[in-house]
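Everything numeric here is computed off the predicted structure, so don't read it as measured data.
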Amino acid sequence: MRCLFLLFIFLFLCLGCGKKGPLVYPDLLIAAAPGSVTVHQVGQGLMLSLTLPDKDLAGQKLVDLAGIKVLKRESAHGQTQECNACTSDFVLFKTLYLDIQESSYRRYGNTLLLLDGNVATGRDYVYRIIPFTKEKLDGESSKPVTASVTLPSPPPVLHVFSAPTEIRLEFAGQPPVEGQLIGYNIYRSLKDEPQPFLPLNKVPLTTNSFTDSGLDVKATYRYTARTVVRTQAGTIVESGLSNEVEGALKEEE
């Protein structure tokens, strides 16, 4: 009997005196909202950019993110919306699983770019992004982002010149009918790779040439370009893709 009593005291002390962590409510264990969500026009489509969440609402590391849901709302250009934050009039546009490769999106580290080609000129679109886990638990929705689709500027014309240590690109575009010319974006991929969504340059190029260096001597590269315009409303619109050119480092004579 005494042994049982001592065992009870021992278990009580072990369980009662152990260090306990902070209480985490179950509704805080869902994925946090995606960050840096933006949208802008690219050609005749809209490009969504976002940062995938890496933590839950409690601030703990998120290890089971499975994908995102893209909610979308369409309206006539300039039509007033009573509640931009309400979700009742949004429709599920796309469910994207991160472990499945699709032509509509590209992932660069923790940044994801998604192209929506199902849009029309003269229409406004609002998007919300909801992450979900492998257990199919929806996370916190992003704040809504809005874009209007207008007629883009004509694409530039691209030329390529190869040298032993670099590839030089020259391009020229027509002045935009409306808005202000910001510059040009250059897109590069290897010959057998899909077209990238992320430009090679970090900011639009303000000159009509670009030199690409640090290249593989055995590789063949594909290049395209887009004209970048700021509209009168202050939004950024990229043109459609230019002609595609191929370049490889030239052997020294």
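In this structure, the separation between CG on Leu113 and CG on Leu48 is 9.0 Å, given to the nearest 0.5 Å. Note that CG of Leu114 is 5.5 Å distant from OG of Ser104, once rounded to the nearest 0.5 Å. Between the CZ atom in Phe197 and the OG atom in Ser189 there is a gap of 11.5 Å [rounded to 0.5 Å]. In this structure, CG on Asp216 lies 8.0 Å from CG on Leu190, to the nearest 0.5 angstrom. Taking CG from Leu112 and CD1 from Ile68, the interatomic distance works out to 5.0 Å, rounded to the nearest 0.5 Å. Between Thr231 atom OG1 and Leu151 atom CG the span is 12.5 Å, to the nearest 0.5 Å.
Closest approach of Leu241 and Pro155 over heavy atoms only: O-CB, 3.4 Å. Nearest heavy atom pair, residue Val149 against residue Ala120, reads CB-O, 3.3 Å.
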>> Is there a side-chain contact (heavy atoms from CB on, under 4.5 Å) between Lys55 and Gln60? Walk through the geometry before answering.
In response: CA-CA 5 Å; Lys55 294 183 179 180; Gln60 302 176 130; over 6 Å; no
>> What verdict does the salt bridge (Lys or Arg N to Asp or Glu O under 4.0 Å) test give for Arg222 and Glu244, after you've listed the backbone C-alpha separation in whole Å, the side-chain angles of each residue and the deciding distance to 0.1 Å?
In response: CA-CA 7 Å; Arg222 297 185 302 148; Glu244 182 181 291; 3.1 Å; yes
> Checking side-chain contact (heavy atoms from CB on, under 4.5 Å) for the pair Asn208/Tyr184: CA distance, chi angles, key distance, verdict?
Replying inline: CA-CA 8 Å; Asn208 292 90; Tyr184 302 91; 3.8 Å; yes
> Can Phe132 and Lys69 be said to form a side-chain contact (heavy atoms from CB on, under 4.5 Å), step by step?
Replying inline: CA-CA 7 Å; Phe132 63 89; Lys69 296 178 181 178; 3.8 Å; yes
>> Is there a side-chain contact (heavy atoms from CB on, under 4.5 Å) between Lys72 and Val119? Walk through the geometry before answering.
In response: CA-CA 11 Å; Lys72 177 180 175 181; Val119 296; 4.2 Å; yes
> What do the steps show when you test Asp124 against Arg73 for salt bridge (Lys or Arg N to Asp or Glu O under 4.0 Å), and what is the final call?
Replying inline: CA-CA 8 Å; Asp124 293 345; Arg73 184 176 67 195; over 6 Å; no
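Side-chain atoms of Ser142 and Arg128 form no donor-acceptor pair, as typed in the model, at a separation below 3.5 Å. Side-chain N/O atoms of Asp212 and Tyr223 include a donor and acceptor closer than 3.5 Å. Side-chain contact annotation: Asp116 with Tyr127, donor-acceptor N/O pair under 3.5 Å present.
The side-chain heavy atoms of Tyr221 and Leu215, taken from C-beta on, include a pair separated by under 4.5 Å. Taking 4.5 Å as the limit, some side-chain heavy atom of Pro152 sits within range of a side-chain heavy atom of Gln44. With a 4.5 Å cut-off on side-chain heavy atoms, Leu205 and Asn185 do not count as touching.
Salt bridge status for Glu74 with Arg123: present, with a side-chain N to carboxylate O gap under 4.0 Å. Ion pairing between a basic and an acidic side chain is recognised when a charged N comes within 4.0 Å of a carboxylate O; Lys61 and Asp54 show no such pairing.
Scored by the side chain to side chain donor-acceptor pair (under 3.5 Å) test, Thr227 finds no partners at all (sequence neighbours excluded).
At least one donor-acceptor pair closer than 3.5 Å links the side chain of Ser162 to the backbone N or O of Ala248. Without hydrogens or angle criteria, Arg226 side chain to Val237 main chain gives no donor-acceptor distance under 3.5 Å. Asn110 contributes a side-chain N or O that, together with a main-chain N or O of Leu52, makes up a donor-acceptor pair within less than 3.5 Å.
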Side-chain atoms of residues 91-99: list all donor-acceptor pairs with protein atoms under 3.5 Å, sequence neighbours left out, distances to 0.1 Å.
{"from": "Lys94", "atom 1": "NZ", "to": "Glu102", "atom 2": "OE1", "distance (Å)": "2.9"}

Anything under 3.5 Å between a donor and an acceptor, one on a side chain of residues 164-180, the other on a protein residue two or more places apart or in another chain? List them.
{"from": "Arg168", "atom 1": "NH1", "to": "Glu170", "atom 2": "OE2", "distance (Å)": "2.1"}

